[in-house]
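Keep in mind that this is a model prediction, so the values were computed, not measured.
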Amino acid sequence: MVTNVSSSRTVRAALLVVVIGLAGLVVPAGAPAAGAPAAVAAAPPRPTVTATVSAGGLFLAGERLWVTGKVSGSSAGRSVRLQSRPDGASGWTTVSRTSTRAGGRFTLSVRPSKGGRLRVVASATRSSASATSRTVMVVRATGSRTLTKRASTLAGRVGDATSARRTLTRLQRSRTGVKNVRKVVHQRFEKGLLVEVTTSSSRRTWFVTGTILRRYLADGGPSGRWGVPTSDARCDLAERGCVQSFAKGTLYAAKGDRKASSSAARGRMGEVFAVARSQLGYKDRYPGVGPHTTKYNAWVGSDNAWCSIFLSWSGAAAGQAAIPVAKSYRSFVSKVRASMPTGSKPRPGALAFVSTRPPHSEANHVMLVTSVSADGRWLNVIHGNYGPGGGFRGVSEQKWSTANRVKFYGYPRY
C-alpha cells in the first residue's frame, strides 16, 4: 500500500488549525513562546536634588534658615517639600512646601527650635520619579548676633544696604516694649530691615521683610506700635503665611495679602489671634443645614457646620496644635474636654461655648476669646459661621456679653 506523504502533511496541518481555532487562540506572528517572560516597562528617570542651607546650618533660637537648591531636569511647577528630623526624633516631618521655579530651582525656609537634620523631597511627576536630597545638618548655637554678622550670614537674602544705621534715642528705647534695653540699631536693606537689640543679657539681630515689614514701618517701626522684633518670622505656614512676634504684639500675612493682620497679644496665643483676625470679612453663602463649602471645610475634609472648623484652621494655620482639629462640632467638643481644662471663667485665649438657639439647653457654637473687659462682663471674640445676614455666614469680630448664654470655656495650652 502506498501512502501519499504530501497529502498526509496537509491533513495534519489542517487539523492543527482546527484545534487552535476551537481553543479560541490567536497566535500573532513573532509572538513569544508560551511561558516566556513579559517585557518590563522602564522605570521613570530619577532626578538629582541638591540642597544648601543658609548660614552653614548654624542658627540661634528664633532665627530663620533658608534652604535653596535645584531638582535636575525639572521645570517650573514641580512640588517640593522640606522635611525635618530634630535631634532625638525617629521620623521625618514635613515643615514647608513650595513649587520649583524655572530650571527646577526652589527656596524653602524654616525657623527651627532645635538642631537636627533637614532634607528636600521632590514629588514624582508623569515622566520622573520622586527624589530626595542628601541630609544637611542644622545646629542650634548660643551667644550673640550683631547686625554686621547677621547681614553677613544672610548675604543675598537681604540685599545691599539702602540706608545708614540708625540708633534709637533713650526716649525711643523706652517705647520698644523691652525691659533693660540698652541699645537698638536698625538698618534698611533692599529686601528687608535688620534690627539689633542689646539688653543687659543679650545682643540679637532680627530680620523683618515682606508684607509684615510694610505694616511694621507704617506703624512706626522699632519705636512704634509693635516695638522691636523678638524673633524672625515663621513662614512655613498654611497659605504660605508668615507670622512674626514683636515686643508689643504679633503680625501675620499670607501670600497675596495687601496688609498684615495684627494682635496685641504675644507668643503662641498672639500668633493664633493674628491668624484668626486675618480672616475677618471672609464669607460664604449659607446653605442652612448643609452642605457647607467654605475653604475651612475643604481644608478639614468635611461639609459640616464650620464654627469649630474655623478655629481648628486658625490654630493649624498659625502652626499651633493647642486647638484640636475635628470634622464636626460634636467631635470638637469631645476633643476639647479631653485635651484641655474647662471652666466658667473667661480669659484671653479661651474657647467660649455658647447657645444661639432655643431651648438653649446646651452649647451649639464656639468662639475665640481675644480679650475680656476689666469688669469681666464683656468678651471680645472672633468666630466663624456667624452673620452677616443676606444669605451669608462669615468670620466676624464682636463684643459678646458673658451673660449671653455662655455655657462653658475651654482653655487651650498655647
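In summary, the aromatic rings of F392 and Y286 are positioned with their centroids too far apart to meet the 6.0 Å limit. The aromatic ring centroids of Y252 and F273 lie 6.0 Å or more from each other. If you look at F310 and H383, their ring centroids are not closer than 6.0 Å.
Panel note: side chain W313, backbone A317; no donor-acceptor pair is recorded below 3.5 Å. Judged purely by atom type and a 3.5 angstrom limit, Q187 uses its side chain to pair as donor or acceptor with the backbone of S163. No side-chain donor-acceptor contact under 3.5 Å links S84 to the backbone of V95. For S302 (side chain) and K327 (main-chain N/O), a donor-acceptor pair under 3.5 Å exists by modelled atom type. A donor-acceptor pair under 3.5 Å links the side-chain atoms of D232 to the main chain of F207, judged by distance alone. The backbone N or O of M269 sits nowhere less than 3.5 Å from a side-chain atom of Q320 that would complete a donor-acceptor pair. At least one donor-acceptor pair under 3.5 Å links the side chain of K191 to the backbone N or O of G156. A donor-acceptor pair under 3.5 Å is formed between the side chain of D375 and the backbone N or O of R377. Under a 3.5 Å cut-off, the side chain of T132 and the backbone N or O of V121 do not form any donor-acceptor pair. At distances below 3.5 Å, not a single donor-acceptor pair connects side-chain atoms of T50 with backbone N or O atoms of G69.
Between the side chains of T211 and R214, at least one donor N or O sits under 3.5 Å from an acceptor N or O. Of the N and O atoms on the side chains of S328 and N304, not one donor lies less than 3.5 Å from an acceptor on the other residue. Side-chain atoms of T250 and R268 include no donor-acceptor pair closer than 3.5 Å. Checking R215 against S262 by side-chain atom types alone, a donor-acceptor pair falls below 3.5 Å. A donor atom on one side chain and an acceptor atom on the other are found under 3.5 Å apart for N385 and W306. Remark: the S109 side chain and the R64 side chain contain an N/O donor-acceptor pair separated by less than 3.5 Å.
One finds the CG atom of L251 at 6.0 Å from the CD1 atom of I212 (value rounded to the nearest 0.5 Å). The distance from the CZ atom of R46 to the OG atom of S128 is 8.5 Å, given to the nearest 0.5 Å. Here Y409 contributes atom OH and F353 contributes atom CZ; the two are 11.5 Å apart, rounded to the nearest 0.5 Å. The structure places OG of S261 at 10.0 Å from NZ of K259, a figure rounded to the nearest 0.5 Å. For the atom pair E196 CD and L168 CG, the distance stands at 11.0 Å (nearest 0.5 Å). Of the inter-residue distances, the one linking Q279 atom CD with T294 atom OG1 reads 10.0 Å to the nearest 0.5 angstrom.
The pair K295-E239 meets the salt-bridge criterion, with a side-chain N (NZ, NE, NH1 or NH2) lying under 4.0 Å from an Asp/Glu carboxylate O. Between R157 and E190 there is no salt bridge, since no side-chain nitrogen of the basic residue lies less than 4.0 Å from a carboxylate oxygen of the acidic one. Using a cutoff of 4.0 Å between basic side-chain nitrogens and carboxylate oxygens, R81 and D236 are not scored as salt-bridged.
Around atom CZ of R105, no more than 12 heavy atoms belonging to other residues, nucleotides or ligands sit under 6.0 Å away. Shown here is R119, whose CZ atom has more than 12 heavy atoms of other residues, nucleotides or ligands within 6.0 Å. Within a 6.0 Å radius of CZ in R266, no more than 12 heavy atoms belonging to other residues, nucleotides or ligands are found. Shown here is K149, whose NZ atom has no more than 12 heavy atoms of other residues, nucleotides or ligands within 6.0 Å.
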Side chain to side chain donor-acceptor pair (under 3.5 Å) for S201 and N180? Distances and angles first, verdict last. CA-CA 9 Å; S201 60; N180 302 318; over 6 Å; no

Between V369 and L351, does the side-chain contact (heavy atoms from CB on, under 4.5 Å) criterion hold? Intermediate values first, please. CA-CA 6 Å; V369 179; L351 307 178; over 6 Å; no

Before you tell me yes or no, could you show the steps for F59 and V53 under side-chain contact (heavy atoms from CB on, under 4.5 Å), namely the whole-Å CA-CA distance, both residues' side-chain angles and the distance that decides it to 0.1 Å? CA-CA 11 Å; F59 70 96; V53 64; over 6 Å; no

Please test R101 against T107 for side chain to side chain donor-acceptor pair (under 3.5 Å), starting from the C-alpha separation and ending with a verdict. CA-CA 9 Å; R101 305 186 299 277; T107 301; 3.1 Å; yes

Would V325 and W299 count as a side-chain contact (heavy atoms from CB on, under 4.5 Å) if you check the C-alpha gap in whole Å, the side-chain angles of each, and the deciding distance to 0.1 Å? CA-CA 11 Å; V325 176; W299 166 77; 4.0 Å; yes

Begin from the C-alpha positions of E362 and R330 and carry the test salt bridge (charged side-chain N to carboxylate O under 4.0 Å, His left out) through to its verdict. CA-CA 11 Å; E362 62 180 3; R330 289 190 179 278; 3.7 Å; yes

Walk me through whether W400 and Q398 qualify under side-chain contact (heavy atoms from CB on, under 4.5 Å). CA-CA 6 Å; W400 192 280; Q398 66 184 93; 3.9 Å; yes

For side chain to side chain donor-acceptor pair (under 3.5 Å), just list the numbers for N380 and T370, CA-CA rounded to whole Å, side-chain angles, deciding distance to a tenth of an Å, and then say yes or no. CA-CA 6 Å; N380 192 80; T370 58; 2.8 Å; yes

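Taking each heavy atom of P47 and S72 in turn, the nearest pair found is CB-O, 3.3 Å.
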Donor-acceptor pairs under 3.5 Å, side chain of residues 336-345 to any protein atom, not counting sequence neighbours: which ones?
unit_1, atom_1, unit_2, atom_2, d
S339, OG, K335, O, 2.7

Output side-chain donor-acceptor pairs under 3.5 Å for residues 133-144, partner residues at least two apart or in another chain, one line each.
unit_1, atom_1, unit_2, atom_2, d
S133, OG, V120, N, 2.9
R140, NH1, S113, O, 2.7

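At least one side-chain heavy atom of R165 sits less than 4.5 Å from a side-chain heavy atom of T148. Proximity of V158 to T209: side-chain heavy atoms (C-beta onward) are nowhere separated by under 4.5 Å. The shortest distance between side-chain heavy atoms of N297 and T293 does not fall below 4.5 Å. Using a 4.5 Å cut-off on side-chain heavy atoms (C-beta onward), Q244 and V208 make contact. R173 places none of its side-chain heavy atoms less than 4.5 Å from the side chain of T198.
Checked against salt bridge (charged side-chain N to carboxylate O under 4.0 Å, His left out), R204 has the following partners two or more places apart in sequence or in another chain: E63.
Ring geometry, H365 versus Y386: the interplanar angle falls from 30° to 60°, so the pair is classed tilted.
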